[in-house]
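All values below come from the heavy atoms of this structure, side chains included, with hydrogens, waters and symmetry mates left out. A, B, ... follow the sequence lines: proteins, then strands. Residue 1 opens every chain. Predicted model, so just to flag it, every value in this text is computed and none were measured.
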There are 2 protein chains.
Amino acid sequence: MKEFYGILQACALFCGVQEGELEGMLACLGARKVTLQKEESIFREGDPANFVGVVLRGAVRILRTDFYGNQSIVGQVEPGDLFGEAFSCAGVQALPVSAVAAQPSEVLLLDIHRVLTLCANTCAFHSRIVSNLVQVLAGKNLGLNQKLDIASRRTTRDKLLAYLTAQAKAAQSPRFTIPFDRQALADYLGVERSAMSAELSKLQKEGVLKTHRSQFELL
Amino acid sequence: MKEFYGILQACALFCGVQEGELEGMLACLGARKVTLQKEESIFREGDPANFVGVVLRGAVRILRTDFYGNQSIVGQVEPGDLFGEAFSCAGVQALPVSAVAAQPSEVLLLDIHRVLTLCANTCAFHSRIVSNLVQVLAGKNLGLNQKLDIASRRTTRDKLLAYLTAQAKAAQSPRFTIPFDRQALADYLGVERSAMSAELSKLQKEGVLKTHRSQFELL
DNA sequence: GAAAGTCTGTTGGATTTCCAACAAACCGGA
DNA sequence: TCCGGTTTGTTGGAAATCCAACAGACTTTC
């Protein structure tokens, strides 16, 4: 477990916590580590939301399945990121999404009640954690807002450009690698894979970008 | 100002605060009240995000303008609801959205730094406020998630049905009134007004719903 | 290195949306 | 009640997406 302390310290939830304090805190928060194979799910739609997850290794995808069984990718969570915190903090009974490992992964699950409830004894850090949680939730909110910005564009082309420019900005470089293959990107953007591929070709012919597999360069 | 104390007490941010304590708290949080005419804006895209707003009367729409000037409605905020909290809590420099009064309105603006920073003297309630903020942010997160669920549907019909069933569920009744006219609903759903009107007609012919102006009934 | 499986780009027809325009219904004020 | 402005429903052509199918490129496995 100690091998992941670096990840945890870089995690926004534990911002400001000393390494020596982590062990005690994790116990206090009811933490348990879970190891997952690719495609293995951490929770499914309809499950109760009573924990917050921290990705230690690998990556986790948040998926939503619609009435007809069409699957869309809500987001992908990388090491050091949290997931499920909004649902558990809001106290929803049934999760509206599911979470599966995009790769072999390890995640830490924290009991949300222990995170939110101040305990008088050892942990003077609960209020710090709650403050951090505000930051995390606000940041997630921004991410959702950005996703919404993309999703509310009308055309495949506009969605692609909105996503790619955001990625370039995040990478602080016109060259970057995305965490999706074509099918997953289409699921993420909510468009047809074939139409998206065609649009990518067109964008390349127009000299707007270059792409090979998951690597992109905006021109 | 006292006339709005009822609204504030019902507001999730002040949950658990006694009426007698409100006046002191508001002063401590740097609150100032603003009166707005219809269409008047509270903040615009690009403004700094250093406050959180509480709607006291009327309603506020959060708008996003895309590259071509097309406007879309991110959400509508009603009395007792907060807005802008995600951006200010996350500390973004430039707001990605703007906020305008959908009707003649009054809003309360709180200095975000005073909300987040614990002050040792009079206000023992800051930690309570921060806890409440976690709830609010998590709830907003859920709302965004739902909006994303709607926005990521492919067809106008599916978007309409997703939105209307969510509204019916929120109203706990198959009959409900929405806060939009047709154009605003189209902007909210991110579809063409005329195509949406046509789809609504079709849904009525099929016996799925009845609608007159902003009133709907799901069958 | 061959074979099987996966990923990507392309194509064509059916379907849907977009856009502009217009007419009818509705609402508020003179 | 009449008028003018707004909202809503309808229509037709242009454009974009969806869907299914397929071929070539790439990866992995044996």
Side-chain angles (χ1 to χ4, degrees), chain A residues 37-39 61 66-73 102-104 150-164 177-217, chain B residues 38-39 61 66-73 102-104 150-164 177-206 208-217:
Chain A
Q37 301 181 332
K38 185 174 176 179
E39 305 290 329
R61 281 195 185 154
D66 77 6
F67 190 74
Y68 308 105
N70 296 327
Q71 200 162 270
S72 70
I73 298 177
Q103 314 161 20
I150 293 170
S152 56
R153 313 247 167 183
R154 306 295 176 84
T155 67
T156 299
R157 183 192 185 91
D158 286 347
K159 288 179 187 179
L160 266 173
L161 288 176
Y163 172 73
L164 294 175
T177 301
I178 64 171
F180 301 125
D181 62 19
R182 291 289 183 273
Q183 182 62 61
L185 180 57
D187 287 347
Y188 181 79
L189 298 180
V191 298
E192 185 64 21
R193 182 198 61 80
S194 61
M196 188 189 73
S197 258
E199 198 63 50
L200 278 173
S201 298
K202 202 192 289 181
L203 285 167
Q204 285 192 86
K205 276 179 196 150
E206 294 175 12
V208 178
L209 56 81
K210 284 188 199 169
T211 175
H212 176 71
R213 299 258 156 177
S214 296
Q215 293 170 11
F216 286 80
E217 178 176 4
Chain B
K38 185 173 176 179
E39 305 290 330
R61 282 196 184 151
D66 77 7
F67 190 75
Y68 308 106
N70 296 327
Q71 199 161 271
S72 71
I73 298 177
Q103 315 160 18
I150 293 170
S152 56
R153 314 248 167 184
R154 307 295 175 87
T155 67
T156 299
R157 184 192 184 93
D158 286 346
K159 288 180 186 179
L160 265 173
L161 288 175
Y163 172 71
L164 293 174
T177 301
I178 65 171
F180 300 125
D181 61 22
R182 290 291 183 273
Q183 181 62 60
L185 179 58
D187 288 346
Y188 182 79
L189 298 180
V191 297
E192 185 64 20
R193 182 198 60 80
S194 60
M196 188 189 73
S197 259
E199 199 61 51
L200 278 173
S201 298
K202 202 194 288 183
L203 286 167
Q204 284 192 86
K205 275 178 197 149
E206 292 174 13
V208 178
L209 56 80
K210 284 188 199 169
T211 174
H212 176 71
R213 298 259 155 176
S214 294
Q215 293 171 10
F216 286 80
E217 178 176 4

**Q.** Angle of first-five versus last-five pair axes in the helix from C:dG1-D:dC30 to C:dA30-D:dT1, to 10 degrees
**A.** 50°

Q. A:Arg153 has an atom CZ; how far is it from atom P of C:dC18, in whole Å?
A. 15 Å

Q) If the sugar-phosphate is the primed atoms plus P, OP1 and OP2 and the base is the rest, what is the B/S/- string for nucleotides 3-20 of chain D, using protein heavy atoms under 4.0 Å? A) ----SBBBB-----SSBB

Q) To the nearest Å, how far apart are B:Met196 CE and C:dC19 P? A) 15 Å

Q | Qualifying ring-ring contact (aromatic ring centres under 6.0 Å, His included) pairs with a residue from residues 188-207 of chain A, counting only residues at least two apart or across chains | A | A:Tyr163-A:Tyr188, A:Phe180-A:Tyr188

Q: Flag the pair B:Glu206 and B:Arg157 as a salt bridge only when some basic side-chain nitrogen lies within less than 4.0 angstrom of an acidic carboxylate oxygen.
A: yes

Q: Kindly write out the residues that satisfy side chain to side chain contact (heavy atoms under 4.5 Å, CB included) with A:Glu192, not counting sequence neighbours, or none if the list is empty.
A: A:Ser194, A:Ala195, B:Arg154

**Q.** Qualifying residues under side-chain hydrogen bond (donor to acceptor under 3.5 Å, both in side chains), relative to A:Gln103, sequence neighbours excluded
**A.** none

Q | A:Ser72/B:Arg153 under side-chain hydrogen bond (donor to acceptor under 3.5 Å, both in side chains): CA gap, chis, key distance, verdict | A | CA-CA 9 Å; A:Ser72 70; B:Arg153 314 248 167 184; over 6 Å; no

Q. Can you find a pair of side-chain heavy atoms, one from A:Arg213 and one from A:Ile178, that are under 4.5 Å apart?
A. no

Q.
If the condition is side-chain hydrogen bond (donor to acceptor under 3.5 Å, both in side chains), which residues does A:Thr155 pass it with, not counting sequence neighbours?
A. A:Asp158

Q) Separation of B:His212 atom NE2 from C:dA24 atom C1', in whole Å? A) 14 Å

Q.
What's the separation between atom CD1 in B:Ile150 and atom CG in B:Leu161, rounded to the nearest 0.5 Å?
A. 10.5 Å

